[in-house]
Chemist: 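What follows is a single structure, and I will ask about it in a moment.
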Amino acid sequence: MKTRRTHLDALAMSLLVICCLFWGLQQVLVKATLADVPPMLQAAIRFAGATVLLWLWCRLRHVALFEADGSLGAGLLAGALFCSEFVCIYLGLQYTSASRLTLFLYSAPFWVALLLPLRVKAERLRAVQWLGLGVAFASVGVALKDGLQTAHADSHGLSWLGDALALGAGVLWALTTVVIRSTRMATVSAEKMLFYQVGVSACVLPCLSWLMHESWPSSFGVFAWTSIAVQTVMGAFASYLVWMWLLRHYPATRLNAFVFLTPIFALTAGALWLGEPVTLGLLMALAGVALGIVLVNRTAQA
């Protein structure tokens, strides 16, 4: 596909649902692994592995990564924002629950809808699409209401810090999207878009881990290795490569409406994995998110 689409087709929507399904599980995996692997080290291993996998992918497919195309400055900026986002996520999960963090992280579509049209006029939303964003976000709030009411602060009383870091991660995610869509990054391949981001993260995160004096275990358990492998292959490599490809070819504001599915999938994963109840609120939220996505992706009338 060489041209940009003005709306989401069946392929885009199918890929988005699959990505959101995995991302809904991802935060749970990260938090569960913190007991064995400290946050910055966990992230460093993940993105170092993704960088190697992406480089091998590009070698096999003859995708140029290092040619001069004027994208270096914007690429490094996108990489720095992406890396900072995951610093906030991994640190935030030490202080708040995965459900709370996911809710605040996925405020990103609102920031994208607010900021991106200032740089890319084609991304401007109409009133009915803003209504769709509002319905989707409110529905996520309904789904997580019980969890938010019963969530316990950590032993140091710093759950507010985890929430703030999650909100910051959402803003950083949105800013990364704005850079990708409004600079020379919009013209490079999906592989090169992602390489800037995982490459910068692979360089910076081990240094942060060292500066924070994290303990580097000499060996990991089976669960820790499995979790990091899944995070690396499915998360930082495959799903993010698909996301970069989607950003390359479809409107970012409409793509971002779909990510509201992720907190719902996270809550569903909790019900299936942890035995949490499936409530009427969850079912209402699923319907609300679906309605919001439909409204956001309505095409303009001729």
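In this chain, numbering begins with 1 at the start of the sequence shown.
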Chemist: Between Ser239 (side chain) and Met234 (backbone), is there a donor-acceptor pair under 3.5 Å?
Modeler: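 The answer is yes, because a donor-acceptor pair under 3.5 Å joins these two groups.
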Chemist: Treat each ILVMFWY residue as a node, draw an edge where side-chain heavy atoms are under 4.5 Å apart, and state whether Leu205 and Trp210 are in one component.
Modeler: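 In one cluster with Leu205: Trp210, no.
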Chemist: Kindly work out whether a path of hydrophobic side-chain contacts (I/L/V/M/F/W/Y, heavy atoms less than 4.5 Å apart) joins Ile45 to Val198.
Modeler: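 No, Ile45 and Val198 fall in different hydrophobic clusters.
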Chemist: Please give me the minimum heavy-atom distance between Thr262 and Gly24, naming the atom from each residue.
Modeler: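 Taking Thr262 first and Gly24 second, the nearest heavy atoms are CG2-N, 3.4 Å.
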Chemist: So, for Lys192 and Leu65, which heavy atoms are closest and what is the spacing to 0.1 Å?
Modeler: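 Smallest heavy-atom distance, with atoms named: CE-O, 3.1 Å.
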Chemist: For side chain to side chain contact (heavy atoms under 4.5 Å, CB included), just list the numbers for Leu105 and Trp173, CA-CA rounded to whole Å, side-chain angles, deciding distance to a tenth of an Å, and then say yes or no.
Modeler: CA-CA 8 Å; Leu105 173 62; Trp173 181 5; 4.1 Å; yes
Chemist: Go through it in stages, so that I can follow the logic: the residues are Val171 and Glu85, the test is side chain to side chain contact (heavy atoms under 4.5 Å, CB included), and I'd like the CA-CA distance, side-chain angles, deciding distance and then a yes or no.
Modeler: CA-CA 8 Å; Val171 175; Glu85 173 197 342; over 6 Å; no
Chemist: With clusters defined by side-chain heavy atoms of hydrophobic residues (ILVMFWY) lying less than 4.5 Å apart, directly or transitively, does Phe66 cluster with Trp57?
Modeler: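 Shared cluster, yes.
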Chemist: Does any N or O in the side chain of Arg248 come within less than 3.5 Å of the main-chain N or O of Val188, such that one atom is a donor and the other an acceptor?
Modeler: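 Yes, Arg248 side chain to Val188 backbone: donor-acceptor pair under 3.5 Å.
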Chemist: Decide side chain to side chain contact (heavy atoms under 4.5 Å, CB included) for Leu77 and Met185; before the verdict, give the C-alpha distance in whole Å, the side-chain angles of both, and the deciding distance to 0.1 Å.
Modeler: CA-CA 10 Å; Leu77 175 58; Met185 284 281 282; over 6 Å; no
Chemist: Between atom CG of Leu41 and atom CE of Met212, what is the distance when rounded to the nearest 0.5 Å?
Modeler: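 Spacing of CG (Leu41) from CE (Met212) equals 11.0 Å.
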Chemist: Say you draw a straight line from OG1 of Thr183 to CZ of Arg119; how long is it, rounded to the nearest 0.5 Å?
Modeler: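 Here the interatomic distance stands at 7.5 Å.
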Chemist: Can you see which heavy atom on Asp36 is nearest to which on Ala224, and at what distance?
Modeler: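 Shortest heavy-atom separation between Asp36 and Ala224 comes out as CB-CB, 3.9 Å.
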Chemist: Determine the sole option in Leu81, Ile89, Thr177 for which the side-chain contact (heavy atoms from CB on, under 4.5 Å) test with Leu172 is passed.
Modeler: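 The side-chain contact (heavy atoms from CB on, under 4.5 Å) with Leu172 is passed solely by Leu81 among Leu81, Ile89, Thr177.
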Chemist: Could you pull out the closest heavy-atom pair between Gln231 and Val30, with the gap in Å?
Modeler: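 Shortest heavy-atom contact: OE1-CG2, 3.4 Å.
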Chemist: Going by heavy atoms in the side chains, are Leu241 and Met193 under 4.5 Å from each other?
Modeler: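 Leu241 does not reach Met193 side chain to side chain.
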Chemist: Between CG of Leu76 and OG of Ser71, what distance do you get to the nearest 0.5 Å?
Modeler: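 Atom-to-atom, Leu76:CG and Ser71:OG are 8.5 Å apart.
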Chemist: Report yes or no: do Phe237 and Ile18 belong to one cluster of Ile/Leu/Val/Met/Phe/Trp/Tyr joined by side chain heavy-atom distances under 4.5 Å?
Modeler: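 Not linked; separate clusters.
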Chemist: Would you say Phe220 ends up clustered with Leu29 if hydrophobic residues are merged whenever their side chains have heavy atoms under 4.5 Å apart, either directly or through other cluster members?
Modeler: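 No; Phe220 is not reachable from Leu29 via cluster members.
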Chemist: Check the orientation of Phe47 and Phe86. Use parallel for under 30°, tilted for 30 to 60°, and perpendicular for over 60°.
Modeler: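 Taking Phe86 first and then Phe47, their aromatic rings stand perpendicular (interplane angle over 60°).
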Chemist: Restricting to side-chain contact (heavy atoms from CB on, under 4.5 Å), what partner residues turn up for Leu15, sequence neighbours left out?
Modeler: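 Checked Leu15 against side-chain contact (heavy atoms from CB on, under 4.5 Å); matches are Leu11, Val242, Trp245, Leu246.
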Chemist: Measure the spacing between CH2 of Trp243 and CG of Leu194 and express it to the nearest 0.5 Å.
Modeler: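 Answer for the CH2-CG pair, Trp243 versus Leu194, is 13.0 Å.
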Chemist: Can you tell me how far apart CZ (Arg184) and CG (Leu72) are? Round to the nearest 0.5 Å.
Modeler: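 If I round to the nearest 0.5 Å, the distance is 11.5 Å.
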Chemist: Between the side chain of Glu191 and the main-chain N/O of Val63, is any donor-acceptor distance below 3.5 Å?
Modeler: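 It does not hold such a pair.
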